[in-house]
Structures are given as structure tokens and as C-alpha cells.
Protein chains: 2
Amino acid sequence: MPEPRFRRRKEDRPQEITEAALAAFAEKGYAATKVDEVAKRAGVSKGLLYLYFKTKEDLFKAVIRSFVVPKIDELTAIIDSSELTSEEFLRGPFLDFVKTLPGSPISVLVRLMISEGPKHPDLLQFYWENVVSRGLVALNVILERGIETGEFRRCVVHDLPHLFVMPVLFSVIFKLLFEKHCPDTDQLIEAQIDLLIAHMKGEIE
Amino acid sequence: MPEPRFRRRKEDRPQEITEAALAAFAEKGYAATKVDEVAKRAGVSKGLLYLYFKTKEDLFKAVIRSFVVPKIDELTAIIDSSELTSEEFLRGPFLDFVKTLPGSPISVLVRLMISEGPKHPDLLQFYWENVVSRGLVALNVILERGIETGEFRRCVVHDLPHLFVMPVLFSVIFKLLFEKHCPDTDQLIEAQIDLLIAHMKGEIE
DNA sequence: TCACTTGCTGACCCACGAGTCATTAACTAT
DNA sequence: ATAGTTAATGACTCGTGGGTCAGCAAGTGA
């Protein structure tokens with residue numbers, strides 16, 4: 001009895017295809033990745049891929065949406081389930097979380113957003129609303145909590161939670177481009193957080 | 001007497017073409033830019049472009065090289081011609097210089113490097129040696145000078161001059177992607193420099 | 001077992017854009 | 001003037017890759 005030439009698995013296909021696409025985009029970038037190549041990686045014909053995704057661009061958007069949102073959900077879940085003080089939280093779970101980002105598959109998505117984002121305003125909108133904005137809000141919650149409990153004094157940092165994100169973005173990109181010359185990203189991120197906390201706790205200069 | 005159909009201007013063509021290419025790449029990215037389009041912008045035929053640049057990739061590399069090096073030369077020139085203390089220098093000329101970067105045509109090159117860099121290792125090598133590395137060295141010079149004169153105490157910042165560059169890269173990218181939601185990049189950069197200087201001057205916590 | 005639905009295939013089409021080259025016309029030197 | 005040189009043109013080729021579709025075979029139900 002011969003193995004069937006293929007199996008019908010309508011349920012699993014989309015995820016298998018987006019996973020293959022993520023891997024392919026990661027290696028070659030969006031433009032240089034051929035749809036045929038993605039299909040091959042997913043063990044599927046090009047025709048089938050086009051049954052699930054109308055165009056290559058459509059596939060791209062699906063990739064972004066499906067991998068990035070779970071990641072930010074992770075962060076907000078950590079926050080909600082935590083009873084730590086703000087400083088403990090920033091030095092503990094938050095630090096651990098952001099340290100994992102450079103070098104993870106997620107960093108690939110950042111590169112894709114930078115490369116292709118400007119061509120897809122709707123995607124940028126989505127990314128803003130569901131990732132960046134939510135991340136900044138989450139940080140604000142922590143920082144405000146820190147003021148209420150008297151841990152932190154109010155200062156410029158509370159208007160610029162971006163200061164906490166900077167080293168992560170920097171590390172992701174630096175590692176991507178200059179792996180060989182990249183500083184210890186854990187140390188970089190940690191140093192920045194130390195700096196910020198010291199400033200928020202610190203005496204008025 | 002009719003205007004000549006074209007003029008022979010061997011000397012000026014390469015620069016005119018790279019300028020046109022920079023503008024085109026800025027708008028559409030590398031892959032989506034057609035060579036024909038670059039030629040049109042430069043007021044030149046595609047054939048001529050191929051007289052000066054062997055391939056599209058060759059043109060791309062020329063663009064990076066010719067616009068990015070002068071910019072870093074600018075920075076090192078400022079350093080050499082300055083007799084200020086380290087703090088004055090960082091808060092004065094250095095701050096002014098980096099503030100101009102987000103939103104300048106140079107920021108486009110950063111995006112191009114991120115998008116296309118991984119496909120061109122030799123270009124990355126060039127960029128590292130002639131831009132990033134030189135920039136970091138320049139910063140180190142300033143910071144060391146600050147220690148010698150007793151302005152600064154030695155701390156983690158001296159091992160991570162990257163901390164000064166982070167907000168610039170962050171601003172460039174943030175502005176590029178989320179113009180609408182972008183914080184005041186001047187303020188962000190300034191805040192980071194304040195933070196770092198305070199820490200370097202500061203009492204041991 | 002047989003008709004029927006539908007997930008899946010892969011050969012095909014064709015727009016598109018990188019790179020070529022035979023030809024032209026602007027300069028130059030004598 | 002005029003012959004020689006070369007900057008410059010633009011119509012062409014040709015590989016490539018996104019997208020299609022007629023047909024096939026795995027599942028389904030009676």
C-alpha cells in the first residue's frame with residue numbers, strides 16, 4: 001500500500017505556512033524570498049499557498065500578526081500576575097523578558113517591520129496599536145505604580161518610557177548587523193535599566 | 001540653433017546618479033526601486049547609468065559609501081577642533097550633531113543598511129570600519145579625556161559608549177515608522193545624555 | 001462500490017525589470 | 001572642415017517569479 005501523495009489537512013496548513021514564511025523571510029528578507037520557496041519549506045505546493053493567502057503581501061501581513069501579538073501578550077500577562085514592587089519588577093521579570101528578545105526569532109520581525117513597514121501603512125498601524133503602544137502603556141503602568149508607592153520620584157523618565165525600550169531595539173539591530181562586534185547585550189540592557197532606576201530613585205541633582 | 005539633445009559631462013554624472021539613487025531608495029527601498037527610475041531622476045538614460053555602475057548592487061554600495069563617510073568625518077572634525085571640556089562638548093557640539101540625524105537624509109541610509117546589510121557582508125564590513133567603529137572610538141576619546149581631567153569617575157558607561165548612540169538609532173527608526181506617534185526626539189536624546197553625564201559625574205550610589 | 005465534494009498539485013502564463021548593444025551625436029584635435 | 005573619439009541613447013533580450021487554473025486524488029456518505 002503506497003503512501004498517499006498528500007494528505008488533506010485544512011486546519012494545520014495556515015500555521016505551517018506562516019512558520020515556513022517566517023523562517024524564509026528571516027534568512028533572505030521579504031523581497032528576495034520566493035513564494036515557491038516558502039511553499040517548499042512548508043511541504044506544500046505553491047497553488048495551495050495561494051488558496052490560504054491571496055497574495056505574497058497578504059502572507060507577509062499574516063506572519064507579522066500571528067507571531068508578534070502573542071509575544072506582547074506574554075509581557076502584559078507577566079505584569080498582571082505580578083505583586084512585586086516596581087523596582088523588583090523592572091529588575092526581575094521585565095529584565096528577563098527583554099533580555100530574551102535580541103537573538104530570538106522575534107528580532108527578525110523587527111527587521112522586517114523596518115524594511116517593509118513604510119510600504120504597508122495599515123501594517124504599521126496594526127503594529128503600533130497591538131505591539132508598540134501596548135508595550136509603552138504597560139511600562140507606564142509600572143512606572144506610575146512606582147510613584148504611587150513612593151519608590152520613585154516623578155521625572156523626565158515618566159514621560160519617556162521609550163528610554164526602557166531603546167537598548168532592546170539597539171541590541172536587536174546591532175546583533176543583526178554586527179554580530180561579531182556586538183557588545184554583551186544583556187549587560188547593555190541591564191546598564192540602562194540601572195541608570196534609569198537610579199535616576200528615578202535618586203536625589204535631586 | 002536647437003538645444004543639443006544631451007551634453008557630455010563625464011565628471012558630474014556619478015554624483016548626480018548617486019544622489020538620484022539615494023532619493024529613490026529613500027522613497028521605495030532598494031528592491032522596489034527600478035534602475036530605470038533612478039536614471040530618469042538623474043536625467044539620464046539607463047544605458048549611461050550602466051557605464052558608470054556595473055550593476056544595481058554596485059550602485060547601491062556607491063550610494064552608501066559616498067554619503068555616509070562624509071558625515072562621520074564631520075563628527076571627528078568637530079572633536080579635533082574643540083577645546084571644550086568633555087561635558088561641555090557632549091552637551092554642546094556632540095548633542096547638536098546627533099540631534100540633526102533623525103529626519104535627515106542620513107536616516108534613510110540606516111534603514112537601507114538594516115534592510116540590505118545582511119545580504120552584503122562586504123558592505124557591512126565597510127560600514128563597521130568606516131562609520132560605526134570610528135564613531136565609537138570618537139566617543140571613547142571624549143570619555144577618556146573626561147576621566148583624565150577628573151570630570152568623570154570611571155564606570156560602566158566607559159565600556160559601553162553605545163549608550164550614547166542608542167537614542168539616536170532609536171529616534172531614527174521610530175520617526176521613520178511611527179512619525180505620527182514619535183516622541184520629541186531632541187528631548188529623548190537630551191534626556192539620555194543628561195542621564196549618562198549625571199551618572200558619570202555622580203556620587204557612588 | 002460509486003458518485004460527489006474539495007484539498008491539493010504543478011505546468012503554465014505573462015508582466016516586469018536588470019542588463020546589453022548597435023547606433024547616434026556631442027566634443028576634440030589637427 | 002573633417003576624421004576620430006567616446007559620452008550618451010533607447011529599443012531590445014531574457015531570466016525570473018508572482019499568480020492562475022484545469023485536472024487529480026484523498027476523504028465522505030449512502
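Here is the naming used below: chain letters follow the sequence lines, and residue numbers restart at 1 for every chain.
- Contacts of residues 30-46 of chain A with DNA chain D (heavy atom under 4.0 Å): A/Thr33, A/Lys34, A/Val35, A/Lys46.
- Ion pairing of B/Arg41 with B/Glu27 is present here, as a side-chain N (NZ or NE/NH1/NH2) and a carboxylate O approach within less than 4.0 Å.
- In terms of heavy-atom proximity, A/Thr55 sits nearest to A/Tyr50 at CA-CE2, 4.0 Å.
- Within 4.0 Å of A/Tyr52, counting heavy atoms only, lie sugar-phosphate atoms of the nucleic acid but no base atom.
- Going from atom CD of B/Glu11 over to atom P of D/dA8 covers 10 Å, rounded to whole Å.
- OP1 or OP2 of C/dC8 lies within a sub-4.0 Å distance of a side-chain N or O belonging to A/Arg13.
- A straight line from CG of B/Leu49 to C1' of C/dG17 spans 14 Å, rounded to a whole angstrom.
- Counting only residues at least two apart or on different chains, no side-chain hydrogen bond (donor to acceptor under 3.5 Å, both in side chains) pair has a member in residues 160-176 of chain B.
- What separates NZ of A/Lys10 from P of C/dG7 is a distance of 4 Å, to the nearest Å.
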Report task. Evaluate ring-ring contact (aromatic ring centres under 6.0 Å, His included) for A/Phe170 paired with B/Phe170, printing each intermediate quantity in order. Result -> CA-CA 7 Å; A/Phe170 185 88; B/Phe170 184 88; over 10 Å; no
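- In this pair, B/Tyr127 and A/Phe178 present their aromatic rings parallel. The plane angle is below 30°, not in the 30 to 60° band.
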Requested in this report: Mark up nucleotides 25-30 of chain C, 5' to 3', with B wherever a protein heavy atom is under 4.0 angstrom from a base atom, S wherever such an atom reaches only the sugar-phosphate, and - elsewhere.
Outcome: SBB---
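- Separating the NE2 atom in A/His158 from the CZ atom in A/Arg153 is a distance of 9.0 Å, to the nearest 0.5 Å.
- In this structure, CZ of A/Arg9 is placed 10 Å from P of C/dT9, rounded to the nearest angstrom.
- Ion pair A/Arg134/A/Glu129 not flagged as a salt bridge, since none of the NZ, NE, NH1 or NH2 atoms sits closer than 4.0 Å to an Asp/Glu carboxylate oxygen.
- Rounded to an integer number of Å, the gap from B/Leu51 CG to C/dA22 C1' is 13 Å.
- Here the CZ atom belonging to A/Phe94 is positioned 9.0 Å from the CD1 atom belonging to A/Ile189, to the nearest 0.5 angstrom.
- Side-chain rings of B/His181 and B/Phe174 stay apart, their centers remaining 6.0 Å or farther from each other.
- Taking atom OH of residue A/Tyr50 and atom P of nucleotide C/dG10, one finds them 17 Å apart after rounding to whole Å.
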